[in-house]
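Since the structure comes first, as structure tokens, the remarks are kept for the end.
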Amino acid sequence: MRLAAILFILLESIFLLSSNCYALVLNDPVEKYSLSRCLFPFFSKELDGHCNLAGNGMIHTPPFLTQLNHSFGPFDNYTQNPTNAPVQHTETHNGSNFTDNVSERLRSRLASLTVKNKKEIKTHLICNPALLLNFYLHREVEPVWVTEDGLNTQAEVLIETIRKADLEGFDSKTYHRDDIFTLLTDIEHSRTMDMSDPAKFAEFELLLTDALFSYGFNLSEGIVEPYSNNFDWHIKKPKKDLSKILQAVLNDDRLEELVDTLQPRHSGYLRLKSALLKYQNIKKSGSWQKVSAGSKMLKGDAGKRIVALRLRLIASRDLEGPINGSQEYFDEALENGVKRFQARQGLKVDGIVGSNTLAALNVSLEDRIQQIKLNMERWRWLPQDLGERYILVNTANFLLHVIENEQTVKTIRVIVGKKKRPTPILSRKITYLELNPYWNIPHKIALNDILPCIKKDPDYLTDKGIRIFENWTEDAKELNPESIDWDGIEKDNFIYKLRQDPKSSNALGRVKFMFPNEFSIYLHDTPARELFNKTKRAFSSGCIRVEKPVELAAYLLSDSPKWNLPVLIAAVNSKKTKAISLPDPINILILYWTAWVDKDGTTHFREDIYGRDRQLNIAFNDKATSPEVLYGKNSGEKYVLSRNLSKSNPPITHMNTLGSWVVNNASIR
């Protein structure tokens with residue numbers, strides 16, 4: 001009897017020792033939202049039949065959800081089992097419950113998900129494992145997408161949505177497309193052999209759920225984080241609770257509405273989306289060819305290059321066919337096609353193919369498609385509600401638009417920051433304007449622009465009406481420029497404040513529009529009126545010069561009974577400085593669109609004057625790579641952080657028990 005008891009104890013001990021646990025770990029010491037601070041242990045038996053995708057034990061996933069839990073909030077406020085996706089609790093051929101078997105495999109897979117150490121190989125965990133964990137914990141690890149008979153309707157809808165990801169400017173491979181179809185084929189083959197494997201169904205579950213999170217996040221918020229990549233983006237977007245949105249879509253069986261629910265609702269985004277499809281179709285039909293270099297081409301010319309020009313404009317729909325007359329002759333129809341193309345590119349519209357027009361013609365179709373995608377990405381960074389009335393400045397197009405109810409009611413030419421001093425992307429409210437303003441010259445401009453002029457011409461300050469003060473304090477003493485030894489003044493000892501008086505030569509002109517911001521950027525008039533006739537107008541030090549400031553001021557004050565255009569003009573001509581608060585402050589958005597579609601459906605492109613497209617493209621492509629997420633069972637000892645569970649670990653009899661255990665033991669290391 002004693003021997004039997006000893007054997008029983010030994011067998012029980014062996015069973016307990018054979019049980020193992022893998023922690024969910026994000027091995028990224030830099031990532032502040034890493035799960036390495038809070039490990040999630042599971043107590044689950046090792047399961048056979050683990051699915052090894054592509055023979056390497058890896059899930060390839062998109063790299064942009066490491067902060068999803070932070071951005072949208074945790075799942076903690078959800079009730080248990082909120083999702084009512086159709087799941088059949090059917091008995092398998094061997095009598096066991098299919099759903100329970102899949103759930104058991106899911107527990108094991110969630111417990112074993114780990115990532116390669118970045119010290120060994122550069123890799124990112126795309127979908128934070130906590131998302132998958134929380135999602136399935138709150139539905140008691142019950143399958144969402146699969147039944148013993150295969151996929152349910154929602155899974156089919158999601159797969160079709162992923163397949164069409166290119167319509168949103170995404171790569172469907174990023175969302176496990178290839179692995180999903182490979183595994184689906186394998187599952188269907190197993191079913192035909194009456195050998196359904198719950199482990200493969202569990203793997204399929206995780207792939208689809210991870211794809212849902214990834215795709216939903218990208219569609220709603222973008223692929224790239226705008227604030228952490230030096231994009232000079234300073235527009236805040238209200239946070240969404242994507243978790244709740246996705247749960248509601250699943251609960252209500254409305255997954256086919258996923259795209260419409262999450263994508264930006266702005267007409268600018270939707271028009272670009274249509275343009276993307278148009279250009280993708282052009283690519284399918286054969287793209288377009290380059291026009292060879294050579295002398296200018298204009299109406300009346302003839303030759304082989306004219307043929308290439310004609311075919312290029314037909315490909316981009318700037319020229320209609322069929323061709324009347326000789327293909328080699330530059331006729332009036334071709335001239336009109338060139339003008340249409342030039343207008344879409346923001347070039348001088350003269351119908352002559354010079355160096356600038358030729359360079360724009362020879363931008364590849366693939367680059368134009370990518371340019372559309374990058375600008376769609378910027379739309380995803382914007383708040384959904386821009387207001388009924390606002391001012392929009394597109395620095396890449398050198399224009400200011402007054403928008404009312406999504407309609408442009410006024411367009412004014414502007415001058416923006418030069419390449420070395422770009423105008424930032426921001427959104428604030430114009431709260432007041434100044435007539436005949438003083439210009440307190442920013443210290444940086446005084447050092448870089450004014451000081452060299454003073455050294456060359458001692459009378460520069462007097463001629464420009466610029467006064468000098470001993471420092472920037474409110475009661476600073478005014479100095480005589482002639483009392484200063486300018487030869488001994490350099491950037492490191494220039495402590496003076498420069499102020500230009502209101503006059504015709506004042507750099508701010510007669511009107512200044514203020515929207516307080518940390519960059520000291522504002523709209524203003526300018527005495528350099530001739531610059532508005534330039535096609536490309538990047539000449540300022542960051543502020544935005546407005547061609548028709550008095551007209552804009554009259555519009556902003558139109559609701560005030562004290563101000564109308566004649567009264568405003570009289571106040572400006574008085575040459576007295578006056579601040580006027582706006583009765584209704586208006587939002588101003590300073591943006592950077594290098595591709596957009598107008599209300600007539602015409603697609604426009606602009607030069608990337610600040611290199612922001614190039615910078616975003618690098619980040620966009622980097623995020624589109626698919627690194628490897630390993631699971632502990634097949635990843636090798638050096639990549640797995642595991643530990644033995646204490647004897648107090650509970651058996652997994654109910655997910656409430658497991659969830660409580662996770663919370664109470666999160667600090668264990």
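- To the nearest 0.5 Å, the span separating CZ on F341 from CD on Q345 amounts to 4.0 Å.
- Atom CD1 of residue I590 and atom CG of residue L426 lie 4.0 Å apart, to the nearest 0.5 angstrom.
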Working note: Q500 + Y438, criterion side chain to side chain contact (heavy atoms under 4.5 Å, CB included); need CA distance, chi angles, decisive distance, verdict.
CA-CA 6 Å; Q500 189 175 35; Y438 287 93; over 6 Å; no

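- Listed by chain and number, the residues in a side-chain contact (heavy atoms from CB on, under 4.5 Å) with E607 are K536, I609 (sequence neighbours excluded).
- Side-chain N/O atoms of D459 and T462 include no donor and acceptor closer than 3.5 Å.
- A donor-acceptor pair under 3.5 Å links the side-chain atoms of S483 to the main chain of N480, judged by distance alone.
- Residues S541 and R421 bring a donor and an acceptor atom of their side chains to less than 3.5 Å of each other.
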Carefully, step by step, assess K237 and E221 under the rule side chain to side chain contact (heavy atoms under 4.5 Å, CB included).
CA-CA 9 Å; K237 179 178 181 179; E221 306 301 303; 3.5 Å; yes

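- Salt-bridge annotation for R378 and D613: present, with a side-chain N of the basic residue lying under 4.0 Å from a carboxylate O of the acidic one.
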Would you check, one step at a time, whether the test side-chain hydrogen bond (donor to acceptor under 3.5 Å, both in side chains) holds for N448 with K491?
CA-CA 8 Å; N448 296 328; K491 289 184 177 181; 2.9 Å; yes

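- With 3.5 Å as the limit, one finds no donor-acceptor pair spanning the side chains of T603 and K278.
- The distance from the NZ atom of K373 to the CD1 atom of I369 is 7.0 Å, given to the nearest 0.5 Å.
- Atom OG1 of T594 sits about 3.5 Å away from atom CG of N375, to the nearest 0.5 Å.
- Side chain of R317 to main chain of A315: a donor-acceptor pair is present (N/O by atom type, distance under 3.5 Å, no hydrogens or angles).
- Scanning for salt bridge (charged side-chain N to carboxylate O under 4.0 Å, His left out) contacts around R389 gives D584, with sequence neighbours left out.
- Remark: D598 engages no residue in a salt bridge (charged side-chain N to carboxylate O under 4.0 Å, His left out) (not counting sequence neighbours).
- Side-chain contact check for K512 versus D525: every heavy-atom pair is 4.5 Å or farther apart.
- When side chains are defined from C-beta on, I521 counts as touching P424, because their heavy atoms get closer than 4.5 Å.
- A donor-acceptor pair is defined here as one N or O able to donate and one able to accept, closer than 3.5 Å; no such pair exists between the side chain of N397 and the backbone of L399.
- Remark: the backbone N or O of L479 is not paired with any side-chain donor or acceptor of E470 at under 3.5 angstrom.
- Residues in residues 389-424 take part in no ring-ring contact (aromatic ring centres under 6.0 Å, His included) pair, two or more places apart or across chains.
- Applying the ring-ring contact (aromatic ring centres under 6.0 Å, His included) rule to pairs touching residues 355-381 yields F231-W381, W233-W381, H266-W379, W379-W593, sequence neighbours excluded.
- One distance of note links OH of Y279 with OG of S287; it measures 11.5 Å at 0.5 Å rounding.
- A donor-acceptor contact shorter than 3.5 Å links the side chain of N573 to the backbone of I569.
- The pair E168-R380 does not meet the salt-bridge criterion, since no charged nitrogen lies less than 4.0 angstrom from a carboxylate oxygen.
- Judged purely by atom type and a 3.5 angstrom limit, D608 uses its side chain to pair as donor or acceptor with the backbone of G611.
- Applying the ring-ring contact (aromatic ring centres under 6.0 Å, His included) test to residues at least two apart or on different chains, the pairs with a partner in residues 499-531 are H234-F519, Y522-H524.
- For the residue pair K599 and Q407, no side-chain donor N or O sits within less than 3.5 Å of a side-chain acceptor on the partner.
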Would you tabulate the side-chain donor-acceptor contacts of residues 429-437 under 3.5 Å, counting partners in other chains and residues two or more places apart, or write 'none'?
unit_1: N436; atom_1: OD1; unit_2: R510; atom_2: NH1; d: 3.3
unit_1: N436; atom_1: ND2; unit_2: V572; atom_2: O; d: 3.2
unit_1: N436; atom_1: ND2; unit_2: K576; atom_2: O; d: 3.0

Verdict with reasoning, L400 to N394, per side chain to side chain contact (heavy atoms under 4.5 Å, CB included):
CA-CA 7 Å; L400 177 153; N394 183 2; over 6 Å; no

With a 3.5 Å cut-off and sequence neighbours excluded, list the donor-acceptor pairs that the side chains of residues 352-363 form with protein atoms.
unit_1: T357; atom_1: OG1; unit_2: Q342; atom_2: NE2; d: 3.1
unit_1: N362; atom_1: OD1; unit_2: V291; atom_2: N; d: 2.7
unit_1: N362; atom_1: ND2; unit_2: V291; atom_2: O; d: 2.9

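- T408 contributes no side-chain N or O that, together with a main-chain N or O of I403, makes up a donor-acceptor pair within less than 3.5 Å.
- Under the 4.5 Å side-chain criterion, counting only non-hydrogen atoms from C-beta, E377 is in contact with I223.
- Side-chain atoms of E225 come within 3.5 Å of backbone atoms of Y227 as a donor-acceptor pair (strictly under, hydrogens ignored).
- No hydrogens or angles considered: nothing links the side chains of Q615 and R612 as a donor-acceptor pair under 3.5 Å.
- Screening residues 290-301 for side-chain hydrogen bond (donor to acceptor under 3.5 Å, both in side chains), with sequence neighbours left out, gives no hits.
- Side-chain contact check for T473 and N471: at least one donor-acceptor pair (N or O, by modelled atom type) lies under 3.5 Å.
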Show your reasoning for whether side chain to side chain contact (heavy atoms under 4.5 Å, CB included) applies to L556 and I586.
CA-CA 8 Å; L556 296 179; I586 186 171; 3.7 Å; yes

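- Listed by first and then second residue, the salt bridge (Lys or Arg N to Asp or Glu O under 4.0 Å) pairs that reach into residues 393-411 are K410-E551, sequence neighbours excluded.
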Is there a side-chain hydrogen bond (donor to acceptor under 3.5 Å, both in side chains) between S364 and R368? Walk through the geometry before answering.
CA-CA 6 Å; S364 70; R368 290 305 187 201; over 6 Å; no

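- A distance-only check finds no donor-acceptor pair linking the side chain of S560 to the backbone of L557 [under 3.5 Å].
- The list of salt bridge (Lys or Arg N to Asp or Glu O under 4.0 Å) pairs with a residue in residues 336-355, not counting sequence neighbours, reads D318-R340, D318-R344.
- The backbone N or O of L347 lies less than 3.5 Å from no partner atom in the side chain of T535, so there is not a single donor-acceptor pair.
- Among pairs with a residue in residues 531-557, none fulfils ring-ring contact (aromatic ring centres under 6.0 Å, His included), at least two apart in sequence or across chains.
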